[in-house]
Each structure stands twice: as C-alpha cells, then as structure tokens.
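First comes the structure, then the notes that go with it.
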Amino acid sequence: MLQLLFSVSTLSAMVRMSAPIAFAAVGSAYGHKAKIFNIGLESYVLTSAFFATWGSYLFESPFMGLLFGIAAGIVMSAVFGIFVLHFKSDPIVIGIAMNLSAWGFTTLLMYNIFHTRGSVMDPRIKSFGTVKRRCSPPAFPC
C-alpha cells in the first residue's frame, strides 16, 4: 500500500491534478498584491474547464479547447472586475455569487449540450498528448 502511495506515478498524477489549483493560487496572490480579495477563483476554473471541454468537443482540437478555456477565464475575470472595481461591490459577496452561478451555469449547459449532469466521455473531445522524455543525459536513466 505504501509503495503505491509513494510511487512515481502517484507523484506525477498529483502534480498533474493540482496544476489548475496552483494557477488559481498564483492568480490569487497577484490579486492580493492589488488589495483585492478574490474568493471566486473556483468559478474561473470551473467555467474554463467546461468551455475548454466544449471547445475541444466542437472543433475536435485540444488547441481550440485551450483557446475556449482561456477566453472563458478572461470573461469571468472581467465580470468580477466590473462588479468589484466599477460598481464598488463587496468582493466576497461577488466571489460567492460567481461560484454559485458558475456551478449552476455549467450544470445547465452540460445538461443541454451533453445531455448529462455528470462527467462526459466522447471521442470528439481531444486532449493534449503525453510529453515524451528523451534519455539523453546519462545522469537521468529512463
């Protein structure tokens, strides 16, 4: 059991799965330096993940999925910025509202587009391939 817990595959899966959370944490650090407390970062991640999946589904390309995900994150960030910076709303209230609305919005879209409320697996959804490691340095055996 401990061999599975501390294996290289578990470590690589942990790094791969925690990357979106790490990116959101970096964004939060930048917002904190600007004196804006953003609690709605989960809505950015959720909306970007949905639209990245949808973009990949529509065009059968991981690059279009990436483009859709980036655009969705920018739109969500702009909505937060408009409410907090322009309308002088409370960032905590707006963040909670964005988290709840993103959850409902993506669930609604998921049901209307993919006809499911859970996860979806479709052959048209393409993801990026694995990175192949070259074994050129002798210090790092493959």
Side-chain angles (χ1 to χ4, degrees), residues 1-137 139-140 142:
M1 180 68 179
L2 286 176
Q3 290 175 344
L4 178 66
L5 185 62
F6 296 111
S7 68
V8 174
S9 63
T10 303
L11 178 67
S12 67
M14 179 189 68
V15 170
R16 187 177 63 247
M17 297 293 211
S18 66
I21 296 169
F23 288 140
V26 169
S28 176
Y30 279 113
H32 185 66
K33 288 300 244 180
K35 304 286 189 242
I36 296 174
F37 183 66
N38 190 354
I39 201 170
L41 293 171
E42 293 89 357
S43 66
Y44 300 178
V45 173
L46 179 62
T47 308
S48 294
F50 173 79
F51 280 101
T53 303
W54 190 42
S56 177
Y57 174 79
L58 288 177
F59 295 99
E60 295 186 21
S61 167
F63 294 103
M64 288 304 291
L66 179 67
L67 186 67
F68 271 52
I70 289 171
I74 289 171
V75 167
M76 292 298 285
S77 180
V79 167
F80 181 81
I82 288 169
F83 276 106
V84 172
L85 301 175
H86 183 68
F87 294 128
K88 306 291 186 213
S89 301
D90 186 14
I92 294 176
V93 173
I94 297 301
I96 292 171
M98 286 183 67
N99 282 339
L100 293 175
S101 63
W103 174 61
F105 181 63
T106 54
T107 302
L108 177 70
L109 287 176
M110 185 93 164
Y111 185 72
N112 286 332
I113 293 171
F114 297 112
H115 307 293
T116 183
R117 293 177 62 169
S119 63
V120 62
M121 295 294 291
D122 194 284
R124 292 190 290 181
I125 299 173
K126 304 293 182 193
S127 63
F128 290 103
T130 58
V131 176
K132 301 290 184 195
R133 187 175 83 158
R134 285 192 244 161
C135 300
S136 54
F140 300 107
C142 288

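Throughout, residue positions are numbered sequentially from 1 according to the sequence presented. Note that the structure is a prediction, hence the values are computed from the model and not measured.
Listed by chain and residue number, Asn112 satisfy the side chain to side chain contact (heavy atoms under 4.5 Å, CB included) test with Leu108 (two or more places apart in sequence, or in another chain). Phe59 is linked by a ring-ring contact (aromatic ring centres under 6.0 Å, His included) to Phe68, counting only residues two or more places apart in sequence or in another chain. Every residue two or more places apart in sequence or in another chain that forms a side chain to side chain contact (heavy atoms under 4.5 Å, CB included) with Ala102 is listed here: Ser43, Leu46, Thr47, Met76. Taking Phe63 as the reference, Phe128 meet the ring-ring contact (aromatic ring centres under 6.0 Å, His included) condition, with sequence neighbours excluded. Partners of Asp122 by salt bridge (Lys or Arg N to Asp or Glu O under 4.0 Å), not counting sequence neighbours, listed by chain and number: Arg124. The side chain to side chain contact (heavy atoms under 4.5 Å, CB included) search around Thr116 returns Met110, Phe114, Val120, not counting sequence neighbours. Every residue meeting the side chain to side chain contact (heavy atoms under 4.5 Å, CB included) condition with Ile96, not counting sequence neighbours, appears here in chain and number order: Ile39, Ile92, Leu100.
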**Request:** Begin with the C-alpha distance, continue with both residues' side-chain angles, and end with the deciding distance and a verdict on side chain to side chain contact (heavy atoms under 4.5 Å, CB included) for Tyr44 and Asn38.
**Result:** CA-CA 11 Å; Tyr44 300 178; Asn38 190 354; 3.1 Å; yes

Please tabulate, one pair per line, all N/O donor-acceptor pairs under 3.5 Å involving side-chain atoms of residues 78-89, not counting sequence neighbours.
from: Lys88; atom 1: NZ; to: Leu85; atom 2: O; distance (Å): 3.2
from: Ser89; atom 1: OG; to: Phe83; atom 2: O; distance (Å): 3.2

Side chains of residues 25-32: which donor-acceptor partners sit under 3.5 Å, not counting sequence neighbours?
none

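Side chains of Leu109 and Trp54 form no contact here, defined as non-hydrogen atoms less than 4.5 Å apart.
No donor-acceptor pair under 3.5 Å is formed between the side chain of Ser56 and the backbone N or O of Ala52.
Between the OG1 atom in Thr107 and the CZ atom in Phe50 there is a gap of 9.5 Å [rounded to 0.5 Å].
Nearest heavy-atom pair across Ser127 and Pro62 is C-CB, 3.8 Å.
Residues in residues 5-27 take part in these side chain to side chain donor-acceptor pair (under 3.5 Å) pairs, two or more places apart or across chains: Ser7-Ser9, Ser7-Thr10. Sorted by first then second residue, the side chain to side chain donor-acceptor pair (under 3.5 Å) pairs that include residues 92-105, not counting sequence neighbours, are Glu42-Asn99.
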